[in-house]
Number of protein chains: 2
Amino acid sequence: MPKRTFFNLPEQKRQNLMQAAEEEFAKSPLYEASISNIVKSAGIPRGSFYQYFEDKEDVYFYLLKEETKTRKIELIDKLKKHHGDIIDAVIDMYYEFLVDLPDDQELNFLKNALLNVTHKIEDAVTSMFEDSHSNDYMEQINRLIDKERLNIEDDQQIYHILQIIVAVAFRNFVEKFSKELSDKEAIENFSIEMQLLKNGLYRN
Amino acid sequence: MPKRTFFNLPEQKRQNLMQAAEEEFAKSPLYEASISNIVKSAGIPRGSFYQYFEDKEDVYFYLLKEETKTRKIELIDKLKKHHGDIIDAVIDMYYEFLVDLPDDQELNFLKNALLNVTHKIEDAVTSMFEDSHSNDYMEQINRLIDKERLNIEDDQQIYHILQIIVAVAFRNFVEKFSKELSDKEAIENFSIEMQLLKNGLYRN
DNA sequence: TATAATAAATGACACACTGTCATTTGTCAA
DNA sequence: TTGACAAATGACAGTGTGTCATTTATTATA
């Protein structure tokens, strides 16, 4: 969280600083961005920055959270519009985010947030489902999976199924570590979610 | 990818270097880890490091990929064991990973990979489903969601459903940006996966 | 074996960024 | 007007990065 001094700042100066920060983070992902650039572009002395924020991540996550605040209200709206259908509401939001988001800088900022390490690490994990040199490996997997059980019409949909499973598995790992769940808890949670995936989140 | 020189290195020296790298990355997440520490601990001159690798990330992702290679073979085994049931296979892997992984350093390495930025950013996004100050917000969401449609027995399972949706949505964003999909493609993919979530990955 | 050509090793160095701190400047209440 | 507290400032020490000219090793060739 930014320090008290930050919130005491006159509106004008505060916005100016945040604008400079967003600009920098739109240009470079978190770990390539530099405080030096931000203060230069905002025209404030270096020391002042540390008067307002703990460090780089402090501004960064403050910006990111401000960003999501807006989306919260949107979600409420969408839920109403879709009569409580959570998935339809989320699809609607996804659509609006992609199509209606006008501000290039804002978009780049979020893009960087998602792309950087997150993406690379997930990629490495997902590569488990990809051919390394030949595509022998993937073929083998493909052959081994019992497709009769799967709720798919064409073979191409199997890609989506794998993506979903990986995404949920990934999230479970992260949660296990971040919330320091016991192995038992972690596996229970994981099983619940995998069952939900199998049977569907919605009743038939 | 590491440079040719790296692969020309005598086995002993190469392993020693990788050991030092893993040690560093087990101690500190990617962006806090330093090449200085790695070369010091490996006992090689700084210049040599750059003879072998492009930069820090180069070693890092090389290590990470080596790590997942092992898991690939495991997945094949599990698929066979579970007669092609992909979800059961993945549950089994998850279990083994948590319970049978013996090496502390390896575990810490992966933990850092998952925890750092990935986790913080997903957290910021997921916070959309969390109470900010009062829990008014979450209550409202909870009230709005039409639970009749959901495939749940108790109210607590709704948490898992939201987690799943967020995880899959998150992955879709990342993919849209990393593969530079058009808005149309992205939304199509997203819809397919959301339908799969609704109806279940498996046939009834 | 001597020599040339190529590959690898080395560590000093320039550059960049971070976070701190002593000092200055501003504000506000008594 | 003065004292106490809050904020602003920028110089500075510390740390890390990536490069490069030089040295050393290896391999090919005559």
Side-chain angles (χ1 to χ4, degrees), chain A residues 1-64 109 112-113 116-117 120, chain B residues 1-64 109 112-113 116-117 120:
Chain A
M1 263 310 240
K3 301 181 184 174
R4 174 123 36 57
T5 29
F6 174 73
F7 295 106
N8 290 340
L9 242 37
E11 187 64 16
Q12 167 64 46
K13 194 173 179 183
R14 191 167 74 231
Q15 288 202 342
N16 179 50
L17 176 52
M18 291 322 285
Q19 167 58 28
E22 190 176 279
E23 198 182 314
E24 173 69 3
F25 290 124
K27 221 178 292 170
S28 324
L30 178 52
Y31 286 101
E32 284 167 27
S34 85
I35 294 173
S36 293
N37 281 341
I38 294 174
V39 296
K40 199 175 358 165
S41 137
I44 63 167
R46 181 171 193 77
S48 291
F49 179 92
Y50 288 95
Q51 210 74 339
Y52 310 140
F53 301 102
E54 219 54 65
D55 52 23
K56 215 199 319 182
E57 297 200 8
D58 200 15
V59 221
Y60 185 78
F61 287 105
Y62 176 67
L63 261 173
L64 191 59
F109 169 68
N112 275 334
N116 203 26
V117 191
K120 288 180 183 164
Chain B
M1 262 310 239
K3 301 180 182 175
R4 175 120 41 54
T5 29
F6 173 73
F7 295 106
N8 291 340
L9 243 35
E11 187 65 16
Q12 168 64 46
K13 194 172 178 183
R14 192 168 73 231
Q15 287 201 341
N16 177 50
L17 176 51
M18 291 321 285
Q19 167 59 30
E22 189 176 279
E23 198 182 313
E24 173 70 2
F25 290 124
K27 222 179 291 170
S28 323
L30 178 51
Y31 287 101
E32 284 167 27
S34 84
I35 295 172
S36 293
N37 280 341
I38 295 174
V39 297
K40 200 175 354 167
S41 139
I44 64 168
R46 180 171 193 76
S48 292
F49 179 91
Y50 288 94
Q51 210 74 340
Y52 311 140
F53 301 102
E54 220 54 65
D55 52 23
K56 215 197 321 180
E57 297 200 9
D58 200 15
V59 223
Y60 185 76
F61 287 105
Y62 176 68
L63 260 173
L64 192 59
F109 170 68
N112 275 333
N116 202 26
V117 191
K120 287 181 185 164

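Below, chains carry the letters A, B, ... as their sequence lines are ordered, and counting in each starts from 1. A quick note: this is a predicted structure, and the numbers were derived from the prediction, not measured.
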Which whole-number value in Å describes the distance from [X] [atom1] to [N] [atom2]?
X     : N      : atom1 : atom2 : answer
B/L17 : C/dT10 : CG    : P     : 12 Å
A/E32 : C/dA16 : CD    : C1'   : 14 Å
A/D58 : C/dG19 : CG    : P     : 11 Å
A/K56 : C/dT18 : NZ    : C1'   : 9 Å
A/Y60 : C/dT18 : OH    : C1'   : 19 Å
B/I44 : C/dA9  : CD1   : P     : 9 Å
B/Y31 : D/dT15 : OH    : C1'   : 18 Å
A/N8  : D/dC5  : CG    : P     : 17 Å

Mind checking if [X] touches a base, just sugar-phosphate, or nothing, with heavy atoms under 4.0 Å?
X     : value
B/I38 : nothing
B/K13 : sugar-phosphate
B/F6  : nothing
B/S48 : base
A/Y52 : sugar-phosphate

Give a yes or no on whether the backbone of B/Y50 and the side-chain of B/K3 come within a donor-acceptor separation of less than 3.5 Å.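 Answer holds: yes.
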
Taking for each residue the nucleotide of DNA chain C bearing the nearest heavy atom, is the 5' side occupied by A/I35 or by A/Q51?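 Between the two, 5'-proximity favours A/I35.
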
Of B/R46 and B/R4, the one whose closest nucleotide on DNA chain C sits nearer the 5' end is B/R4

Calculate, to the nearest 0.5 Å, the distance between atoms [atom1] and [atom2] belonging to [X] and [Y] respectively.
X     : Y     : atom1 : atom2 : result
A/L9  : A/Q51 : CG    : CD    : 10.0 Å
A/Y31 : B/E57 : OH    : CD    : 11.5 Å
A/K40 : A/R46 : NZ    : CZ    : 11.0 Å

Where the side chain of [X] is concerned, which of [options] is the nearest nucleotide?
X     : options               : result
B/D55 : D/dG18, C/dC17, D/dT9 : D/dG18
A/Y50 : D/dG16, C/dT20, D/dT9 : C/dT20
A/P45 : C/dT18, D/dG10, D/dA7 : D/dG10

Given A/F53, which partner from the list A/F7, A/Y60, A/F61, A/F6 fulfils the ring-ring contact (aromatic ring centres under 6.0 Å, His included) test?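 Only match with A/F53 under ring-ring contact (aromatic ring centres under 6.0 Å, His included): A/F6.
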
| query | With respect to the phosphate group of D/dA8, does any side-chain polar atom (N or O) of A/T5 fall under 4.0 Å of OP1 or OP2? | reply | no

